[in-house]
Amino acid sequence: MTGEPGSPRDQAAGQAPERDRDSTPLSTVVRVRSLLPSLPPAERRVAQRVIDDPEGVANSTITELAQTCGTSETTVIRFCRAIGFHGYPELRLTLATEAGRAQSAAGGRVIGSDISPDDSLEQIVEKVTFADARAVEETASQLDIKMLEQVVDAVVAADRVDVYGVGASAFVAADFQQKLHRIGRICSAWADAHIMLTSAAVLGPTSVAIGISHTGSTVETIDALEVAKSRGAKTVALTNFPKSPIAEMADLILTTAARETTFRSGATASRLAQLTVVDCLFVGVAQRTYGPTRKALEATFEAVRGRTVRPDRRRR
């Protein structure tokens, strides 16, 4: 990608500098996946082909790719430019390089994430753990550190943090709330649509509201962030798609890089990717408040220390 990195929002939207694309395996596929919902239909078909078979795209001419996707060569070129390349030759070269790196890192094995009805339990374990590991690795590789630092600053300075998420994202919100609560930070996690709105309505300029949504299209979470923003609170979105609707309500955007296919509704890899970002955010806050954090952790440990089964009470 050419040019200097833009604003934090631009970088979150996938406009990464050249060095990022060259230094991380399959980073182009990660970026294309994150931008998929925001592309026009014809370009989306090209993007899906890149996601499904990056090595095949690298070995295809522009005419072959256009025919496979049922579109024109002009659309392919527009797609390349939309994701930050000058043209198709640059995309092919980058995909070929990244596919080679990924295969080398996997020891020459090609492991898909789709689960088929004929897979053995051993194959299921291999595919699930591979997908989970890739979600964590790719999320870490594309995480905008400067953006994360701004979120850490906001949470440290806040007098109150409210976290919103429904479905699987609610569990991630509750995990973050529990972590912050244990180190003495005032934090609440909400999953009920009405309570999310009423909590957002009483926030102010010294508060932080964090909305968690893998798709970035969850209405309840978007509405809560919108209300929080209208009250002057600093708003943060954690999503897999930086150009999704939730981004419009966020001052700061943190992104994951999870791919879910056969059992997407199970929210497996996406949840782990979200937890990875939440853990990084929590540790950043904890480090920034090192002294008080250590005291709070020691106090909370002592508070629950006696709640474990003693050796003399165990059954023989």
Indicate yes or no: does E302 engage R305 in a salt bridge with an N to O separation below 4.0 Å.
->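 Salt bridge between E302 and R305, a charged N being under 4.0 Å from a carboxylate O: yes.
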Charged N to carboxylate O under 4.0 angstrom, R134 versus E137?
->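 Salt bridge present between R134 and E137.
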Common cluster, [X]/[Y], ILVMFWY with side-chain heavy-atom separation under 4.5 Å:
X	Y	result
L197	V166	no
I212	L275	yes
F171	F282	no
I222	I195	yes
V283	L281	yes

Hey, could you give me the [atom1]/[atom2] distance between [X] and [Y], rounded to the nearest 0.5 Å?
X	Y	atom1	atom2	answer
T221	M249	OG1	CE	13.0 Å
F130	K127	CZ	NZ	11.0 Å
L180	I186	CG	CD1	11.0 Å
E220	L225	CD	CG	12.0 Å
E226	E248	CD	CD	11.0 Å
I183	K295	CD1	NZ	14.5 Å

Is there side-chain contact between [X] and [Y], with at least one heavy-atom pair below 4.5 Å?
X	Y	answer
Q142	R31	no
V46	V57	no
L254	L148	yes
T218	I246	no
T71	F79	no
T300	V304	no
I83	L91	yes

Kindly say whether [Y] contributes a backbone atom to a donor-acceptor pair with the side chain of [X] at under 3.5 angstrom?
X	Y	result
D251	T235	yes
Q123	S120	yes
T139	V136	no
T239	F241	yes
S230	V227	yes
N240	A257	yes
R231	A200	no

With side chain to side chain contact (heavy atoms under 4.5 Å, CB included) as the test, would you mind laying out the steps for V202 and T198 before giving the verdict?
-> CA-CA 7 Å; V202 295; T198 54; over 6 Å; no
Is the CZ atom of R288 crowded by more than 12 outside heavy atoms at less than 6.0 Å?
->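 Counting neighbours around CZ of R288, more than 12 heavy atoms of other residues, nucleotides or ligands fall under 6.0 Å, so yes.
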E122 CD: over 12 foreign heavy atoms closer than 6.0 Å = no
Using only heavy-atom distances, determine whether the side chains of E73 and T63 contain a donor-acceptor pair under 3.5 Å.
-> yes
Scan side-chain atoms only and decide if D162 and S188 contain a donor-acceptor pair under the 3.5 Å cut-off.
-> no
What pair of heavy atoms forms the shortest contact from [X] to [Y], and how long is it?
X	Y	answer
R92	N59	NH2-C, 3.9 Å
A258	A273	CB-CB, 4.0 Å
A209	L203	CB-CD1, 3.9 Å
V277	T255	CG2-O, 4.1 Å
C187	V163	SG-CG2, 3.8 Å
A173	G165	CB-N, 4.5 Å

Pairs satisfying salt bridge (charged side-chain N to carboxylate O under 4.0 Å, His left out), at least one member in residues 42-52, at least two apart = E43-R78, R49-D53
Could you give all pairs that pass the salt bridge (charged side-chain N to carboxylate O under 4.0 Å, His left out) test and reach residues 178-199, with sequence neighbours left out?
->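 For residues 178-199: D175-K179, K179-D279.
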Taking only residues two or more places apart in sequence, or in another chain, which ones meet F176 in a ring-ring contact (aromatic ring centres under 6.0 Å, His included)?
->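 None.
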Applying side chain to side chain contact (heavy atoms under 4.5 Å, CB included) between P54 and each of T28, V32, V29, report the one that passes.
-> V29
Passing option when Y164 is tested against S169, S213, S199 for side-chain hydrogen bond (donor to acceptor under 3.5 Å, both in side chains) = S199
Start with the C-alpha gap between D132 and T129, add the side-chain angles, then the distance that decides, and say whether side chain to side chain donor-acceptor pair (under 3.5 Å) holds.
-> CA-CA 5 Å; D132 288 352; T129 54; over 6 Å; no
